[in-house]
A.B. asks: 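Just passing along the structure, written as C-alpha cells.
The first residue of the sequence shown is numbered 1, and numbering continues consecutively from there.
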Amino acid sequence: MISYVSTKGRSNLKICEDSLTASVFDGLKYLPTEIFYSILKKALYQDKLPKFSGELIKIIFWDKWDAKDTSNSNFVEPDLLLQFEDFDVIVEAKRFDYFQQSKQQMENEIRAYYNVFDGNKILYFVQLGGLHSKNDEDDFYFNNYKIEILKTDWTRLLHEVVTQRTILQNIPFSQTLAYCRILDDVRKAFEMHNFYEMKWMKDIAFTAIKTEHFNTMIFLKR
C-alpha cells in the first residue's frame, strides 16, 4: 500500500482501482522474483511470457510518460511497469473484472513507452481486469516492434496467490513461512476490495451421509 500513499500523495485509504493495484503488487514485490513471476505467469490466460524472466529490477507505479504521438495532451500514465532483466511488462489494471479495458489507452501506453525507453528490451502488455473477453488478441505492432498482448483478471490472480500459498506452506523451511505471511497479507488486500477465493461445487470433496447419522437428526413437522 506504500506506493498508493507515496506516489499518489493520498493521506487516507480510499478503496479504489489504485489502492487495489498498489496493495496487491506492493505485497508481491517482496517475494523472490521466481515466486512473483510464477504467480504472474500462471495467472495469465495466454501462455506467452518467457519461461524465465531474469531478476525483477524495478517496479514503477503510475509513471508519467511523454504523450507524443498519442491521443493524450499532457502525459500518459500506465498503472504499472515491471522491469525484468530480460524484458519489460506494462500492466494496465482496472477496478473490476469486466468491460473496462480500452484499446486506445493500450495503444497510447505502448507508444509512450517508446517515447521514454530506447526499445532495446522486449515489451509485453498485460490487461489486468476490465476484460471484454478472455480470448487471445492479435499482437500490436509499433514501428519495428512487436508487443504481445496478454490478459488476466483479479479473480484469477488471487487464485494463483492462494495456490502458491498452499505450495509454500508444505515446504518445511523457515524462510517459506515469511513468504506465506506476505501472501496472507496480499490475500487480505484482495478481500478489502471484495475479491474472495471461492470453491466451485465440483472442487468440494464428496461427503457421504451414512444411515447411522439419522439417529442424531431431528425432523420437525409443520
A.B. asks: Hey, is the main chain of Glu34 close enough, under 3.5 Å, to the side chain of Ser38 for a donor-acceptor pair?
C.D. replies: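 Not confirmed, Ser38 side chain does not pair with Glu34 backbone.
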A.B. asks: Could you list who else is in Phe52's hydrophobic cluster, with ILVMFWY side chains joined at under 4.5 Å, directly or through other members?
C.D. replies: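 So far as hydrophobic clustering goes, Phe52 is joined with none.
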A.B. asks: Going through the checks in order, is the side-chain contact (heavy atoms from CB on, under 4.5 Å) test met by Tyr37 and Leu49?
C.D. replies: CA-CA 10 Å; Tyr37 187 64; Leu49 285 182; 3.3 Å; yes
A.B. asks: Can you confirm whether more than 12 heavy atoms, excluding those of Ile122, are under 6.0 Å from its CD1 atom?
C.D. replies: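 Open.
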A.B. asks: Any side-chain to backbone donor/acceptor pair from Arg95 onto His193? Under 3.5 Å, distance only.
C.D. replies: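 Judged by distance alone, yes, a pair lies under 3.5 Å.
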A.B. asks: Would you please name every residue forming a side chain to side chain donor-acceptor pair (under 3.5 Å) with Glu92, sequence neighbours left out?
C.D. replies: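 Partners of Glu92 by the side chain to side chain donor-acceptor pair (under 3.5 Å) criterion, ordered by chain and then number, come out as Lys94, Gln105.
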A.B. asks: What residues join Leu131 in its hydrophobic cluster, counting side-chain heavy atom gaps under 4.5 Å, either direct or through other members?
C.D. replies: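 Hydrophobic cluster check, Leu131: joined to Tyr45.
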A.B. asks: With sequence neighbours excluded, tell me which residues meet side chain to side chain donor-acceptor pair (under 3.5 Å) with Asp47.
C.D. replies: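 Asp47 satisfies side chain to side chain donor-acceptor pair (under 3.5 Å) with Lys41 only.
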A.B. asks: Around atom CG of Asn120, are there more than 12 heavy atoms of other residues, nucleotides or ligands at under 6.0 Å?
C.D. replies: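 It does: Asn120 CG has more than 12 such atoms within range.
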A.B. asks: Do other residues, nucleotides or ligands put more than 12 heavy atoms under 6.0 Å from the CZ atom of Phe173?
C.D. replies: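 Counting other residues, nucleotides and ligands, CZ of Phe173 stays at 12 neighbours or fewer.
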A.B. asks: Excluding sequence neighbours, so at least two apart, what forms side chain to side chain contact (heavy atoms under 4.5 Å, CB included) with Gln175?
C.D. replies: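 Partners of Gln175 under the side chain to side chain contact (heavy atoms under 4.5 Å, CB included) test: Tyr179.
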A.B. asks: Find out if a path of hydrophobic residues (ILVMFWY) with successive side-chain heavy-atom gaps under 4.5 Å connects Leu81 to Val126.
C.D. replies: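 Looking at the clustering, Val126 is in a separate group from Leu81.
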A.B. asks: Who passes side chain to side chain contact (heavy atoms under 4.5 Å, CB included) against Asp139, sequence neighbours left out?
C.D. replies: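 So Asp139 forms a side chain to side chain contact (heavy atoms under 4.5 Å, CB included) with Lys48, Tyr141, Lys146, Glu148.
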A.B. asks: To the nearest 0.5 Å, tell me how far Phe140 CZ sits from Ile147 CD1.
C.D. replies: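 Going from the CZ atom of Phe140 to the CD1 atom of Ile147 covers 6.5 Å.
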A.B. asks: What are the two closest heavy atoms between Lys134 and Asp153, and how far apart are they?
C.D. replies: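 Looking at all heavy atoms of both residues, the closest pair is CE-OD2, 4.0 Å.
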A.B. asks: Hey, could you give me each pair passing ring pair (Phe, Tyr, Trp, His ring centres under 6.0 Å) that has a residue in residues 104-124? Not counting sequence neighbours.
C.D. replies: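 Matches after skipping sequence neighbours: Trp65-Tyr113, Trp65-Phe117, Phe87-Tyr124, Tyr113-Phe117, Tyr114-Phe142, Tyr114-Tyr145.
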A.B. asks: Quick one: list whatever passes side chain to side chain donor-acceptor pair (under 3.5 Å) with Ser133, sequence neighbours left out.
C.D. replies: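 With sequence neighbours excluded, Ser133 shows a side chain to side chain donor-acceptor pair (under 3.5 Å) to Lys151, given in chain and number order.
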A.B. asks: Who passes side chain to side chain contact (heavy atoms under 4.5 Å, CB included) against Lys58, sequence neighbours left out?
C.D. replies: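 Counting only residues at least two positions away or on another chain, Lys58 forms a side chain to side chain contact (heavy atoms under 4.5 Å, CB included) with Ile60, Gln83.
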A.B. asks: Assess whether side-chain contact (heavy atoms from CB on, under 4.5 Å) is satisfied between Asn194 and Tyr196, documenting all intermediate values.
C.D. replies: CA-CA 6 Å; Asn194 296 322; Tyr196 304 92; 3.6 Å; yes
A.B. asks: Does Glu85 reach the main-chain N or O of Glu55 with its side chain, forming a donor-acceptor pair under 3.5 Å?
C.D. replies: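 Confirmed, Glu85 side chain pairs with Glu55 backbone.
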A.B. asks: Can you tell me if His159 uses its side chain to pair, donor with acceptor, with the backbone of Thr155 under 3.5 Å?
C.D. replies: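 No; zero donor-acceptor contacts below 3.5 Å.
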A.B. asks: Any side-chain heavy atom of Ile149 within less than 4.5 Å of one from Asp136?
C.D. replies: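 Ile149 does not reach Asp136 side chain to side chain.
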A.B. asks: Can you list, by chain and residue number, the hydrophobic cluster partners of Phe99 when the side-chain cut-off is 4.5 Å?
C.D. replies: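 Members other than Phe99 - counting any ILVMFWY side chain reachable under 4.5 Å - are Tyr98.
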A.B. asks: Roughly how far, to the nearest 0.5 Å, is the OG1 atom of Thr176 from the CD atom of Gln164?
C.D. replies: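 Here the interatomic distance stands at 10.5 Å.
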A.B. asks: Can any side-chain N or O of Asn115 pair as donor or acceptor with the backbone N or O of Lys68 at less than 3.5 Å?
C.D. replies: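 Yes.
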A.B. asks: With clusters defined by side-chain heavy atoms of hydrophobic residues (ILVMFWY) lying less than 4.5 Å apart, directly or transitively, does Ile90 cluster with Leu157?
C.D. replies: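 Looking at the clustering, Ile90 is in a separate group from Leu157.
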A.B. asks: Who are the side chain to side chain contact (heavy atoms under 4.5 Å, CB included) partners of Ala93, not counting sequence neighbours?
C.D. replies: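 Listed in chain order: Thr21, Asp79, Leu128, Trp154.
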A.B. asks: Looking only at non-hydrogen atoms, find the nearest pair between Arg187 and Leu158 and report the distance.
C.D. replies: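 In terms of heavy atoms, the two residues are closest at CG-CD1, 4.1 Å.
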A.B. asks: If I compare all heavy atoms of Ser71 with all of Asn108, which pair ends up nearest, and what's the gap?
C.D. replies: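 Of all heavy-atom pairs spanning Ser71 and Asn108, the closest is OG-ND2, 2.8 Å.
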A.B. asks: Decide, yes or no, whether a salt bridge links Asp88 with Lys121 under the criterion of side-chain N to carboxylate O below 4.0 Å.
C.D. replies: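 Lys121 and Asp88: salt-bridged.
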A.B. asks: Determine, stepwise, if the pair Ile182 / Leu28 fulfils side-chain contact (heavy atoms from CB on, under 4.5 Å).
C.D. replies: CA-CA 7 Å; Ile182 292 171; Leu28 293 176; 6.0 Å; no
A.B. asks: With side-chain contact (heavy atoms from CB on, under 4.5 Å) as the test, would you mind laying out the steps for Lys29 and Phe25 before giving the verdict?
C.D. replies: CA-CA 6 Å; Lys29 74 183 182 185; Phe25 283 92; over 6 Å; no
A.B. asks: Let me check something: do Leu20 and Phe36 share a hydrophobic cluster, defined by ILVMFWY side-chain heavy atoms less than 4.5 Å apart, either directly or through other members?
C.D. replies: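 In one cluster with Leu20: Phe36, yes.
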A.B. asks: With rounding to the nearest 0.5 angstrom, report the CG to CD1 distance, Asn143 to Ile110.
C.D. replies: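 Atom-to-atom, Asn143:CG and Ile110:CD1 are 12.0 Å apart.
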A.B. asks: Taking C-beta and beyond as the side chain, do Val161 and Ile39 meet within less than 4.5 Å on heavy atoms?
C.D. replies: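 With C-beta onward as the side chain, the pair touches.
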A.B. asks: Which heavy atom of Phe61 sits nearest to which heavy atom of Ala22, and what is that distance?
C.D. replies: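 Nearest heavy atoms, Phe61 then Ala22: CE2-CA, 3.8 Å.
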A.B. asks: Can you see whether Gln101 engages His132 through a side-chain donor-acceptor pair at a distance of less than 3.5 angstrom?
C.D. replies: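 Short answer, no.
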A.B. asks: Please indicate whether Asn170 has more than 12 foreign heavy atoms, meaning atoms of other residues, nucleotides or ligands, lying under 6.0 Å from its CG.
C.D. replies: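 Enclosed: over 12 neighbouring heavy atoms sit under 6.0 Å from CG of Asn170.
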A.B. asks: Which pair of non-hydrogen atoms, one from Thr70 and one from Arg111, has the smallest distance, and what is that distance?
C.D. replies: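 Minimum heavy-atom contact is CG2-CB, 4.0 Å.
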A.B. asks: Identify whether Leu177 and Leu31 are in the same connected component of the hydrophobic contact network (ILVMFWY, side-chain heavy atoms under 4.5 Å).
C.D. replies: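 Each belongs to a different hydrophobic cluster.
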A.B. asks: Among pairs that include at least one residue of residues 160-181, which meet salt bridge (Lys or Arg N to Asp or Glu O under 4.0 Å), considering only residues two or more places apart or in two chains?
C.D. replies: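 Only Arg165-Asp184 qualify under salt bridge (Lys or Arg N to Asp or Glu O under 4.0 Å).
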A.B. asks: Output yes when a side-chain donor or acceptor of Asn72 lies under 3.5 Å from a complementary backbone atom of Asn74, and no otherwise.
C.D. replies: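 No, Asn72 side chain to Asn74 backbone: no donor-acceptor pair under 3.5 Å.
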A.B. asks: Has Ser53 got a side-chain atom pairing as donor or acceptor with Phe84's backbone, closer than 3.5 angstrom?
C.D. replies: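 Answer holds: no.
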